[in-house]
Amino acid sequence: MTESNFFTRAGDFLTGATGDQSGLITVLNEILGPITRKDQPTRLEARSRTPEIMDMVSHWQVQDRPGPTTEAVIHSLFSPEEIRRFSDETGLSAPAAMEILKDIVPLCARDRKKRQLRVPDEAR
């Protein structure tokens with residue numbers, strides 16, 4: 001571990017960075033954009049580039065409390081620029097932002113699907 005990496009991780013621990021999800025949820029919703037109509041795939045479904053990722057997103061959407069995902073899945077759903085934006089706009093280090101993304105993306109998939117199913121089509 002480099003000295004810089006050590007201090008970044010120590011700073012994240014001391015500030016509780018990996019537990020602060022509020023700003024990241026806002027940025028995540030900005031990147032994913034508005035909720036789609038019921039007859040369209042959700043934004044995360046549309047980003048699913050493989051059947052395995054699509055199955056994972058679909059599984060998250062029906063779970064009450066979907067568990068965290070992996071860094072590889074986050075990289076398959078978001079571009080490096082988007083991942084960097086999560087870190088930059090929240091002020092979190094890249095490792096802290098990734099840890100939170102692994103927790104909140106499955107929850108976001110579930111919540112956005114529920115919102116999609118509740119909103120009347122004519123309201124979009």
Side-chain angles (χ1 to χ4, degrees):
M1 178 181 296
T2 67
E3 186 175 298
S4 175
N5 195 359
F6 170 78
F7 286 115
T8 297
R9 289 181 185 263
D12 289 342
F13 174 77
L14 292 173
T15 62
T18 56
D20 180 15
Q21 301 177 357
S22 58
L24 204 64
I25 292 170
T26 300
V27 176
L28 179 58
N29 280 318
E30 288 173 3
I31 287 174
L32 292 175
I35 302 295
T36 56
R37 294 189 339 226
K38 291 176 192 173
D39 62 338
Q40 296 177 327
T42 66
R43 304 289 179 165
L44 283 171
E45 289 169 341
R47 287 170 171 258
S48 299
R49 293 173 180 86
T50 67
E52 294 81 18
I53 299 296
M54 181 63 184
D55 288 345
M56 188 171 294
V57 170
S58 296
H59 179 74
W60 295 337
Q61 291 171 334
V62 298
Q63 297 297 307
D64 286 334
R65 297 186 73 70
T69 190
T70 65
E71 189 169 334
V73 171
I74 297 301
H75 283 288
S76 73
L77 290 169
F78 299 97
S79 71
E81 293 79 22
E82 290 170 329
I83 294 170
R84 194 170 17 266
R85 179 178 169 191
F86 292 123
S87 177
D88 292 347
E89 290 194 22
T90 60
L92 297 171
S93 68
M98 179 57 70
E99 287 304 308
I100 293 174
L101 282 169
K102 291 182 337 188
D103 287 337
I104 68 167
V105 168
L107 295 169
C108 183
R110 181 208 59 207
D111 292 343
R112 289 178 68 92
K113 184 65 172 186
K114 286 182 177 182
R115 287 173 44 203
Q116 179 192 42
L117 296 174
R118 282 196 310 253
V119 178
D121 288 334
E122 59 273 3
R124 293 179 213 238

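Model, not experiment: these values are computed from the prediction.
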Yes or no on side chain to side chain contact (heavy atoms under 4.5 Å, CB included) for Met56 and Glu52, after CA distance, side-chain angles and deciding distance? CA-CA 6 Å; Met56 188 171 294; Glu52 294 81 18; over 6 Å; no
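Scored by the side-chain contact (heavy atoms from CB on, under 4.5 Å) test, Glu89 finds Val27, Glu30, Arg85 as partners (sequence neighbours excluded). Applying the salt bridge (Lys or Arg N to Asp or Glu O under 4.0 Å) test to Glu82 and every residue at least two apart in sequence or in another chain returns Arg47. For Asn29, the side-chain hydrogen bond (donor to acceptor under 3.5 Å, both in side chains) partners at least two apart in sequence or on another chain are Arg112. Judged as a side-chain hydrogen bond (donor to acceptor under 3.5 Å, both in side chains), and not counting sequence neighbours, Arg110 has no contacts.
Of all non-hydrogen atoms in Lys38 and Leu117, the two that sit nearest each other are CE-O, 3.1 Å. Residues Ile74 and Thr69 share a closest heavy-atom pair of CD1-CG2, 3.7 Å.
At distances below 3.5 Å, at least one donor-acceptor pair connects side-chain atoms of Gln116 with backbone N or O atoms of Gln40.
Here the CZ atom belonging to Arg49 is positioned 13.0 Å from the CE atom belonging to Met54, to the nearest 0.5 angstrom. Here the straight-line distance linking atom NZ of Lys113 with atom OG of Ser58 works out to 7.5 Å at 0.5 Å rounding. Note that the CD1 atom of Ile83 and the CG atom of Leu101 stand 7.0 Å from one another [nearest 0.5 Å].
Residues Ile53 and Leu44 share a single hydrophobic cluster, defined by chaining ILVMFWY side chains whose heavy atoms lie under 4.5 Å apart. Residues Val57 and Ile104 share a hydrophobic cluster, clusters being chains of Ile/Leu/Val/Met/Phe/Trp/Tyr side chains in contact below 4.5 Å.
Of the candidates Thr36, Leu28, Ile35, Leu28 is the only one forming a side-chain contact (heavy atoms from CB on, under 4.5 Å) with Leu32.
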Which donor-acceptor pairs under 3.5 Å do side chains of residues 59-68 form with protein atoms, sequence neighbours excluded?
residue, atom, partner, partner atom, Å
Gln61, NE2, Thr42, OG1, 3.3
Gln61, NE2, Glu45, OE2, 3.2

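Pairs passing the ring-ring contact (aromatic ring centres under 6.0 Å, His included) check and including a residue from residues 76-118, sequence neighbours excluded, read Phe78-Phe86.
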